[in-house]
Amino acid sequence: SLPEKAALRLADWASRFFPWIVMPAIRAKVRHDSRGVILSAEYHHLNRYLNKRRSEGARLNLNLLGEAVLGEEEAARRLENNLALLRDPNVAYISIKISALFSQINELAFVETVTTVKDRLRILYRAARDHLYRFPDGHEVSKFVNLDMEEYSDLHLTVAVFRELLDEEEFQDLRAGIVLQAYLPDSFAVQQELTEWAKERVANGGASLKLRIVKGANLAMERVEASAEGWPQAPYRSKEEVDSNFKRMLTFGLQSKNARALHIGIASHNLFDIAYAMLLRESLGSEEWSEFEMLEGMANHQAAVVSKRTGSLLFYAPIVAAKDFLSAIAYLVRRLDENTSPQNFLHDLFGLEPGSKEWKEQKERFLIACCDQEQPATTPNRTQNRITEKIAFSSDEDFVNAPDTDWALSANRKWINDKLEEWRDRKIPDIPLHIGGSEISNDREKVAIKDPSRPDWNAGFHLLGTLEDVDLALNTAVVAGNQWKETPVPERKELLLR
């Protein structure tokens, strides 16, 4: 509104002189305006809200907001906060990312990372199993923990944690879930693997599991990371491919033989996709093993209709404590970014009418995605392989840095681990001095080559130069420097390439 615009301009000016007054007021305003989208995590506020929504028949999936933890103290605090949610009798369902449980996630230390995250997630799974949720009709169930993810680099780590932990004997009867993002080409193959694993689990007497399918909401970050590292971006490059893959994943997941073991959460605000999924699960006989999911506070009128039509709707509800509210800003920005994107359904929703220009455009996108759902690639966009690649530079072309090594890819982890094994106990021959094109290896003191990771290990020896060696090296450099001045650029390039 005009008064708010005026207040913002005033705050812009005043913040330069009185930031300690202005910024808390701005933060309070943002918190107030987003209160229906980001809930308060304070116990009394949250429980009042949960009771209200429960009386309305709504079910909530609570996600304690915060970016990746920066230290182990913060990770322990986040774990305890999620445990407190599971102990709360009004909470039935939470989502958590592995990046909230461990501050030292490292794709290169894949096994060690998976082991540590499993130790911490095991605590949450036990709490979910031991603290039952009572529905209004009196029946009780174990609480539900859903493994969320944001970054492509966390995909295979998260899936490994999920599978290995739920393969443990004590969790055979526990229902739990995981999210896959349709904007990643890898997701469909991962979905197929998870489905076969879940079917085997159920056949052996284990509980069914759940897969929440979303389109993905971290595209900007994936693009920035890919650009900085010199990699192709992990997600599809077009919205059309994302929409097609989303429908392909729904079509596969909602087949009754698959959905019976791996229930499907259909997470979307796109009315075309929701209607499509309603028809699909009805025709495939999987209504019992699927449900629709929407964001709390986003298009409530639409959510009410979906809930009435389907009889069940799960709301994804971010929560944050007042002292941690700044960590919610990133979530808000992502939501604003995707909801204002011209191709996004929510961008057009509030003025959408059958027959309008926006309606026709959304309809056309939907129909194309339905027809092309087998077209998008199902193999990763990032295929770097340090084992087989051949990096070559030409002296006739501009120099471009080689891309950084992508440790999210298993081939690269194998490459470096094989190198580690190859060199772990290898003895290095004595390293001589090289000065002015000559090798000096006699009558010089030997110094041990130490491995900082293994202080007692001696990998070999190098020779130590004398004062005379240093003088010879410096004089050689002065003479060579004058020669180098006369060396043409093409010859320098060839030397560097060699």
Side-chain angles (χ1 to χ4, degrees), residues 98 104-115 117 149-164 180-194 196-197 216 218-219 221-238 241-242 244-245 248-249 374-429 451 453 459-460 493-498:
I98 64 170
Q104 303 299 313
I105 288 176
N106 189 330
E107 298 92 349
L108 187 51
F110 192 92
V111 174
E112 294 84 351
T113 296
V114 168
T115 300
V117 174
M149 67 183 82
E150 285 184 355
E151 301 181 42
Y152 174 74
S153 58
D154 290 343
L155 171 62
H156 295 290
L157 280 169
T158 304
V159 170
V161 168
F162 184 68
R163 290 188 58 167
E164 290 182 23
L180 286 180
Q181 299 167 301
Y183 76 175
L184 295 175
D186 318 48
S187 289
F188 183 55
V190 173
Q191 179 189 11
Q192 291 175 307
E193 292 169 9
L194 286 174
E196 293 308 309
W197 166 69
N218 226 15
L219 182 59
M221 190 217 71
E222 295 286 3
R223 283 175 172 166
V224 169
E225 181 188 49
S227 176
E229 307 287 359
W231 302 331
Q233 73 173 41
Y236 289 114
R237 292 196 167 275
S238 73
E241 290 175 299
V242 176
S244 294
N245 194 45
R248 171 167 54 193
M249 293 177 71
E374 296 301 324
Q375 298 303 313
T378 58
T379 52
N381 283 342
R382 280 156 51 175
T383 57
Q384 183 191 69
N385 188 332
R386 294 297 199 212
I387 298 173
T388 59
E389 72 179 355
K390 304 294 182 186
I391 299 179
F393 295 93
S394 169
S395 60
D396 298 326
E397 298 175 359
D398 290 341
F399 173 77
V400 178
N401 276 313
D404 290 343
T405 302
D406 186 354
W407 300 123
L409 305 181
S410 59
N412 289 341
R413 295 196 299 271
K414 182 180 186 310
W415 166 73
I416 199 65
N417 284 321
D418 287 350
K419 292 295 180 188
L420 282 169
E421 287 304 313
E422 178 185 338
W423 282 86
R424 190 180 303 279
D425 299 318
R426 178 183 288 191
K427 286 288 187 180
I428 302 169
D451 178 349
S453 70
K493 286 184 177 181
E494 292 296 337
L495 282 168
L496 283 168
L497 288 174
R498 290 216 304 277

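Across every non-hydrogen atom of Ser153 and Ala408, the tightest pair is CA-CB, 4.0 Å. Listed here is the closest heavy atom pair of Met221 and Glu151: CE-CG, 3.6 Å. When all heavy atoms are compared, the tightest approach of Thr158 to Ile98 is OG1-CD1, 3.6 Å. Residues Pro376 and Asn245 approach most closely at CG-N, 4.2 Å, considering heavy atoms. The minimum heavy-atom distance between Thr379 and Pro185, with the atom names listed, is O-CB, 3.3 Å.
With sequence neighbours left out, the side-chain hydrogen bond (donor to acceptor under 3.5 Å, both in side chains) criterion links Lys414 to Asp418. Every residue two or more places apart in sequence or in another chain was checked for a side-chain hydrogen bond (donor to acceptor under 3.5 Å, both in side chains) with Glu112, and none qualifies. In this view, Thr378 satisfies the side-chain hydrogen bond (donor to acceptor under 3.5 Å, both in side chains) rule with no residue, not counting sequence neighbours.
Looking only at side-chain heavy atoms (C-beta outward), Glu150 and Asp154 stay at 4.5 Å or farther from each other. Residues Arg424 and Asp451 are not in side-chain contact: their nearest non-hydrogen atoms beyond the backbone lie 4.5 Å or more apart. By the 4.5 Å heavy-atom criterion applied to side chains, Pro380 and Tyr152 are counted as neighbours. Between Gln384 and Pro403 the shortest side-chain heavy-atom distance falls below 4.5 Å. No side-chain heavy atom of Glu164 sits less than 4.5 Å from a side-chain heavy atom of Thr115. Two residues are said to be in side-chain contact when any heavy atoms from C-beta on lie closer than 4.5 Å; Glu107 and Leu157 meet this criterion. Using a 4.5 Å heavy-atom threshold, the side chains of Glu225 and Trp231 count as touching. At least one side-chain heavy atom of Gln233 sits under 4.5 Å from a side-chain heavy atom of Leu219.
Note that the CZ atom of Arg382 and the CD atom of Glu229 stand 8.0 Å from one another [nearest 0.5 Å]. The structure places NE2 of His156 at 8.0 Å from CZ of Phe110, a figure rounded to the nearest 0.5 Å. With rounding to the nearest 0.5 angstrom, the CD atom of Glu196 is 11.0 Å from the CD atom of Gln191. Between the CG atom in Asn417 and the OG atom in Ser410 there is a gap of 11.0 Å [rounded to 0.5 Å]. In this structure, the separation between CG on Asp186 and CG on Asn381 is 7.5 Å, given to the nearest 0.5 Å.
Among Asp406, Asn412, Thr405, the one residue that satisfies the side-chain hydrogen bond (donor to acceptor under 3.5 Å, both in side chains) test with Arg386 is Thr405.
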The test is side-chain contact (heavy atoms from CB on, under 4.5 Å); show your working for Trp197 and Leu194 and say whether it passes. CA-CA 5 Å; Trp197 166 69; Leu194 286 174; 4.0 Å; yes
Can you check salt bridge (Lys or Arg N to Asp or Glu O under 4.0 Å) on Arg237 and Glu241, steps first, answer last? CA-CA 8 Å; Arg237 292 196 167 275; Glu241 290 175 299; over 6 Å; no
How far apart are the C-alpha atoms of Ser187 and Met249, what are their side-chain angles, what is the distance that settles it, and do they pass the side-chain contact (heavy atoms from CB on, under 4.5 Å) test? CA-CA 8 Å; Ser187 289; Met249 293 177 71; 3.9 Å; yes
How far apart are the C-alpha atoms of Leu155 and Leu180, what are their side-chain angles, what is the distance that settles it, and do they pass the side-chain contact (heavy atoms from CB on, under 4.5 Å) test? CA-CA 8 Å; Leu155 171 62; Leu180 286 180; 3.8 Å; yes
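Under the 30°/60° scheme for interplanar angles, the aromatic rings of Trp415 and Trp407 are found to lie parallel.
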